[in-house]
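A short write-up of the structure that comes next.
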Amino acid sequence: MRLSSRIEGILGGGSDAWGLFIRARQLKDAGQPVVELTIGEPDSRTAPAILQEMHRAAMAGHTGYAAIPGIAPLRDAIAARVEARTGVPTTRDNVLVTPGGQAALFAAHQAVTDPGDTALICDPYYATYPTTIRASAAHPRAVATRPEHGFQPQAADLAAVAQGARSLLINTPNNPTGAVYSRDTLDGIAQVARDHDLWVISDEVYDTQVWTGDHLSPRALPGMAERTMVIGSLSKSHAMTGSRLGWLIAPPEAIARMADLAVTTTYGVPGYIQEAGLFALLQGPDAEERNAAPYRRRRDLALSLIAGQKVVRAVPAQGAMYLMLDIRDTGLGGTGFAEALLDRHLIAVMPGEGFGDAAAGHVRIALTLEDAALRDALATLLDFAAELSRAR
Ligand code: PLP
């Protein structure tokens, strides 16, 4: 039977970021000792106290349908966190609780684009961005960011394609580049958004992982609260990827409409997960810092190892749990290098090409291995790169 062109077109025929990841998992399932530096899956597990609260809540009966926009105390806690971190007045009416940040990305694009609209993204991008936009029957249009600008989007590049577009999706701290957008960058983005009447969808799921500079939300800039939607999540800040708990911050009228969307899609988030999320948020910023600390340490460790050789160059991440490595001096592209590294050394990294054309010639490593294992894997990667470069 024929399927809709929308669902057939979700992948869009572009580079498949997941091909190498799937092959690595197949090798692992077949018993091979594959070292995975691929997806952003924290190597720490959800804190026992959060799991205990999940259990308590389930035993207390929070197992039925839960309030669709989210339970009031959780929406209040999210609003309080956002207000404390950004200074923008925020109430529960600005908050929709979603099953993870991904569902919030989907809801945001459903809410702001009509079929055939153009939705802007910055390249390199998180691998689900184009598919999320195509699932809304809109067209993703990528705007390249460049290493010479520290992968910060330039207002002139955005303005050049903004005419007629409906939205601009940004991500700071950025996956995969690690860029943390500066005040100047965000002022430029805000100006383009106001000039061209764009919604800004700001993915801030790594807002607890900032290594240099400060995290700034575009929603805090003048005139931006009414045209900005912010994506948040407990996946990375509290190692809760599997619990699927995130949120969307937007003007109240938009939240009300997206609650209607949730009625027809997710029907909300399980009550015992929301209770556990509330407990997690109430642990405050110290718990978030404890979760973020290993990534900062490993980023420093990896950068110092990379500084000791000349073939592989690191993009010095300012935030998030990844490092992008420029491997062009090996003579291979990102995909070729990642395939060869998996074949020769059973180390799996993500090819840059899966994150857009601007990441070609790079691979992304996730800093999700404990320190000694990360050091060993990276040393092997660097030796392999040196060997390839000598053989050129
Ligand atoms: N946004 C970015 C930039 C991500 O890297 C991820 C996950 O890796 C997500 C959103 C989705 O996170 P989740 O749906 O687990 O909250």
Side-chain angles (χ1 to χ4, degrees), residues 17-18 21 36-46 50 70 74 78 81 95-110 119 121-133 135 140 142 145 151 153 167-181 200-210 215 217-218 229-249 262 265-266 269-270 273-274 276-277 280-281 288 291-292 295 317-324 349-350 352 354-356 359 364-368:
W18 304 108
F21 169 69
E36 287 188 285
L37 298 170
T38 48
I39 56 169
E41 179 72 79
D43 54 321
S44 55
R45 299 273 71 91
T46 307
I50 299 175
L74 177 58
I78 293 168
R81 179 184 189 271
V95 181
L96 178 73
V97 176
T98 59
Q102 180 55 42
L105 283 164
F106 179 74
H109 284 94
Q110 285 284 321
I121 56 177
C122 300
D123 178 359
Y125 43 75
Y126 173 48
T128 71
Y129 284 0
T131 48
T132 303
I133 291 168
T145 62
F151 290 104
S167 59
L168 166 62
L169 172 55
I170 62 170
N171 173 216
T172 177
N174 189 272
N175 173 11
T177 66
V180 172
Y181 291 1
V200 172
I201 300 171
S202 181
D203 181 343
E204 302 178 19
V205 303
Y206 295 101
D207 69 348
T208 59
Q209 299 180 358
V210 178
H215 173 67
S217 172
M229 295 192 181
V230 177
I231 315 294
S233 171
L234 293 185
S235 284
K236 319 290 173 168
S237 59
H238 294 80
M240 289 181 72
T241 48
S243 294
R244 312 306 304 130
L245 190 58
W247 59 81
L248 187 58
I249 307 296
T265 52
T266 61
V269 175
I273 300 282
Q274 296 197 56
L281 280 181
E288 298 178 357
N291 271 306
Y295 306 113
Q318 299 167 293
M321 58 205 290
Y322 313 96
L323 267 188
M324 278 237 298
V349 298
M350 291 300 249
F355 303 101
R364 187 199 72 178
I365 61 170
L367 303 171
T368 49

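One-based numbering, in listed order, for ligands and for the atoms of each.
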request  = Please confirm whether the backbone N or O of Asn171 pairs with a side-chain atom of Asn174, one donor and one acceptor, at under 3.5 Å?
outcome  = yes
ask   = So, does Asp207 use its side chain to make a donor-acceptor pair with the main chain of Gln209 at under 3.5 Å?
value = no
remark   = A student checking ligand 1 against Gly101 at a 4.0 Å heavy-atom cut-off should list atoms 13 (P), 14 (O), 16 (O)
query = Heavy atom of Asn171 under 4.0 Å from ligand 1?
reply = yes
ask   = What's the shortest distance from atom 9 (C) of ligand 1 to any protein heavy atom, and which residue and atom give it?
value = Tyr126 CE2, 3.5 Å
inquiry  = Is a donor from one side chain sitting under 3.5 angstrom from an acceptor on the other, for Tyr206 and Tyr322?
reply    = yes
inquiry  = Check whether Thr38 reaches the backbone of Val349 with its side chain - one donor and one acceptor, N or O, closer than 3.5 Å.
reply    = no
task = May I ask you to list the atoms of ligand 1 that are less than 4.0 angstrom from any heavy atom of Arg244?
result = 13 (P), 14 (O), 15 (O)
message = Quick test: of every protein heavy atom, which one is nearest to atom 1 (N) of ligand 1, and how far off is it to 0.1 Å?
response = Asp203 OD2, 2.5 Å
request  = Check each of Arg364, Met324, Met321, Lys236 against Asn175 using the side-chain contact (heavy atoms from CB on, under 4.5 Å) test, and report the only one that passes.
outcome  = Arg364
task = Taking only heavy atoms of Ser235 into account, list the atoms of ligand 1 that are under 4.0 Å away from them.
result = 13 (P), 15 (O), 16 (O)
remark   = ligand 1 to Ser233, heavy atom cutoff 4.0 Å, flagged ligand atoms 13 (P), 16 (O)
key: Proximal atoms of ligand 1 relative to Gly100 (non-hydrogen, under 4.0 Å)   = 14 (O), 16 (O)
query = Just by modelled atom types, is the Phe151 backbone N or O under 3.5 Å from a matching donor or acceptor in the Thr177 side chain?
reply = no
query = Can an N or O of Asn175 be found at a distance shorter than 3.5 Å from an N or O of ligand 1?
reply = yes
inquiry  = Please determine whether side chain to side chain donor-acceptor pair (under 3.5 Å) holds for the pair Thr241 and Glu41, giving the CA-CA distance in whole Å, both sets of side-chain angles, and the decisive distance to 0.1 Å.
reply    = CA-CA 7 Å; Thr241 48; Glu41 179 72 79; 2.6 Å; yes
query = Quick one: which of Thr98, Leu281, Val97 gives a side-chain contact (heavy atoms from CB on, under 4.5 Å) with Leu245?
reply = Val97
Identity and separation of the nearest protein heavy atom to atom 5 (O) of ligand 1 = Tyr206 OH, 2.6 Å
message = I need the atoms of ligand 1 closer than 4.0 Å to a non-hydrogen atom of Lys236, numbered in the order shown.
response = 7 (C), 8 (O)
